[in-house]
Structures are given as structure tokens and as C-alpha cells.
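Working notes for the structure below.
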Amino acid sequence: MADIWAFREAVDRWAAGGPGGPASDLAVQLGLRTAVLLEGLSDLAAVEALSARRDRDLAAEGVCVVSMGGAMNVGRYAGLLGPPGLGLRLTGLCDEREQGYYDRALKQTQAAGPGFFVCVADLEDEFIRALGTARVEEIIGAEGDLRAWQTFLRQPSHHGRPRQQQLRRFLGTKKGRKIRYGRLLVEALDPGRVPAPLDDLFRSL
């Protein structure tokens, strides 16, 4: 039986220059109608964690969440999954500084839908503001990363920066950390404090 992971892998191979037939066949088998385009795996982890918290099976709803491996790939993925390719409705998250790339991708592909929901800096920044810096530091300690965090703070390049910026930078300093904390920060959120871009994305699906 087809699964969403197989579809994602087929799309990635297609985006890398492979054939589009396998992705097209899987999209039909899965009954997909919407593609959620995300910059990377940490955003994917966060969206999947919120799906679980809200008892939503997005794949069963015809929604595929796709990590594009970088914001610069949005034009390619929008072309493959949107009207020029599989004809799926497109939506997703983007960072404010990269919004122009996403807007152009939607315009070029003539994709219908709600568009992309914009995070001020990135999704991690949205989580830190929603939770508060003290709560994020508690999570870091509970995960056994307190020593690494304290070492990070002692580095001269980070002195004097606002705590929110320090935390955001720390989450991106080790491979895999942003992915792990993408899930953890969602799990720590009060249900009424989900950042607006993420909450609005889910409301649109």
C-alpha cells in the first residue's frame, strides 16, 4: 500500500531530475489534493508534531507535507506539485526574508490556495516568542543540553545579544538539533499559544 513517505521520496527524486511518473502514480493512489511546502526537516517535524497533538491524519485528509531542502527550491517544488505538475493546491510556511521567492513561485505556477503563511524570522523564532525564553531554557535543560547551552553563552560572539536571538542561534548550531526541538517545542506549547503562522496553516487545510 502506498504511503506518504514513499511519495515524498518520489518527489525528491523527481526534483533532482528523475522521472515524475512514480510521484504522479502515488499522488493518485493516496488521493492527494494539497501539498504543504516547508523549507526543511525541522519545520516538517513541527508540523507533524502539531498534527499528532490535534489528532489529525493529514495524509488521510489528502494533504502531503513536503520538506524542500531549502527555500531556494520553492520554485522547483511548486512547479512539480502545483498546476504545471500534479495539480495540487499549494500552501506552506516561509520566513519573512524569503517571502518574495515564495510569492514568485505561486505567481509563476498560477497556484490557487491560501498562499504561504509568514514567520517573522523562522518557525523556531515563533516558538521561542510563544513559549518565552525561560520555558525554552527549561526544555533545553530537560533534554540534557544545559552544558552545551552554557558553553554557547560563554562564546564572545554571542555576548550582549537578546536571549531570544541566542536561543534561536543555539538551536541551529548542531546537526539534528533543530529537528529534535521542532517537535519538543510544539509539544510544550499551550494549545492556545500556537504561533499564528502555524495555526493559520492548519486552519487552511
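What you see is a predicted model; the values in this text were computed from it and never measured. What you see below is based on every heavy atom in this structure, not just the backbone, and it leaves out hydrogens, waters and symmetry mates.
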How about Tyr77 and Leu90: do any of their side-chain heavy atoms sit closer than 4.5 Å?
-> no
Do the non-hydrogen side-chain atoms of Val120 and Arg129 ever get within less than 4.5 Å of each other?
-> yes
When rounded to the nearest 0.5 angstrom, what is the spacing between CD in Glu9 and CZ in Phe7?
-> 12.0 Å
In terms of hydrophobic clusters joined by side-chain contacts under 4.5 Å, are Leu184 and Phe152 together?
-> yes
Heavy-atom pair of closest approach, residues Phe117 and Thr91 = CE1-OG1, 3.5 Å
Is Asn73 reaching over with its side chain to a backbone N or O of Met68, donor-acceptor style, under 3.5 angstrom?
-> yes
Correct closest heavy-atom pair for Asp95 and Asp122 would be OD1-CA, 3.3 Å
Okay, side chain of Glu124, backbone of Gly182: is any donor-acceptor separation there less than 3.5 Å?
-> no
Shortest non-hydrogen contact from Ser67 toward Leu41 = OG-N, 3.5 Å
Are any of the side-chain heavy atoms of Leu167 and Glu137 separated by less than 4.5 Å?
-> yes
Distance from Ile128 atom CD1 to Leu171 atom CG, nearest 0.5 Å?
-> 5.0 Å
Check: Pro19 main-chain N/O paired with Arg13 side-chain donor or acceptor under 3.5 Å | no
So do the side chains of Ile4 and Leu58 get within less than 4.5 Å of each other, counting heavy atoms only?
-> no
Test Gln164 against Arg168 for side chain to side chain contact (heavy atoms under 4.5 Å, CB included), laying out the working first.
-> CA-CA 6 Å; Gln164 183 171 331; Arg168 178 171 166 258; 5.7 Å; no
Work out which heavy atom in Ala105 is nearest to a heavy atom in Ala78; give both atom names and the distance.
-> CB-CB, 4.1 Å
Is there a donor-acceptor contact under 3.5 Å from the side chain of Arg193 to the main chain of Ala130?
-> yes
Linking I/L/V/M/F/W/Y whenever their side-chain heavy atoms sit closer than 4.5 Å, directly or via other members, would Leu44 and Leu32 fall into one cluster?
-> no
Val36-Ile179 co-clustered via ILVMFWY side chain contacts under 4.5 Å | yes
Are any non-hydrogen side-chain atoms of Glu39 and Leu93 less than 4.5 angstrom apart?
-> no
Would you call Asp190 and Arg135 a salt bridge, taking side-chain N to carboxylate O under 4.0 Å as the test?
-> no
Rounding to 0.5 Å, atoms CG (Leu81) and CZ (Arg76) come to a distance of 10.0 Å
If you count the non-hydrogen atoms of other residues, nucleotides and ligands that lie under 6.0 Å from CZ in Arg56, is the total more than 12?
-> yes
Minimum heavy-atom distance between Leu189 and Arg53, given as atom pair plus value | O-NH1, 2.6 Å
Pair Arg8 + Asp12: basic N to acidic O under 4.0 Å | no
Side chain to side chain donor-acceptor pair (under 3.5 Å) between Gln166 and Arg163: does it pass, once the steps are laid out?
-> CA-CA 5 Å; Gln166 292 173 331; Arg163 194 58 126 207; 2.9 Å; yes
Are Trp5 and Leu80 co-members of a hydrophobic cluster defined by side-chain heavy atoms under 4.5 Å apart?
-> yes
Leu205 to Arg33 - nearest heavy-atom pair and separation = C-NH2, 4.2 Å
Just do the side chain to side chain contact (heavy atoms under 4.5 Å, CB included) check on Arg180 and Asp145 with the steps written out, would you?
-> CA-CA 12 Å; Arg180 179 161 57 98; Asp145 287 333; 2.8 Å; yes
Say you draw a straight line from SG of Cys64 to CG of Leu26; how long is it, rounded to the nearest 0.5 Å?
-> 10.0 Å
Find the distance between CG (Leu50) and CG (Asp199) and round it off to the nearest 0.5 Å.
-> 7.5 Å
Are any of the side-chain heavy atoms of Trp14 and Leu86 separated by less than 4.5 Å?
-> yes
Could you check if a side-chain atom of Ser204 sits within less than 4.5 angstrom of a side-chain atom of Arg89, using non-hydrogen atoms only?
-> yes
Consider only side-chain heavy atoms of I, L, V, M, F, W and Y, link residues closer than 4.5 Å, and tell whether Tyr181 and Val65 are in one cluster.
-> yes
Non-hydrogen side-chain atoms of Leu37 and Phe116 separated by less than 4.5 Å = yes
Parallel, tilted or perpendicular: ring planes of Trp149 versus Phe170, cut at 30 and 60 degrees | perpendicular
When rounded to the nearest 0.5 angstrom, what is the spacing between CG in Leu185 and CD in Glu187?
-> 9.5 Å
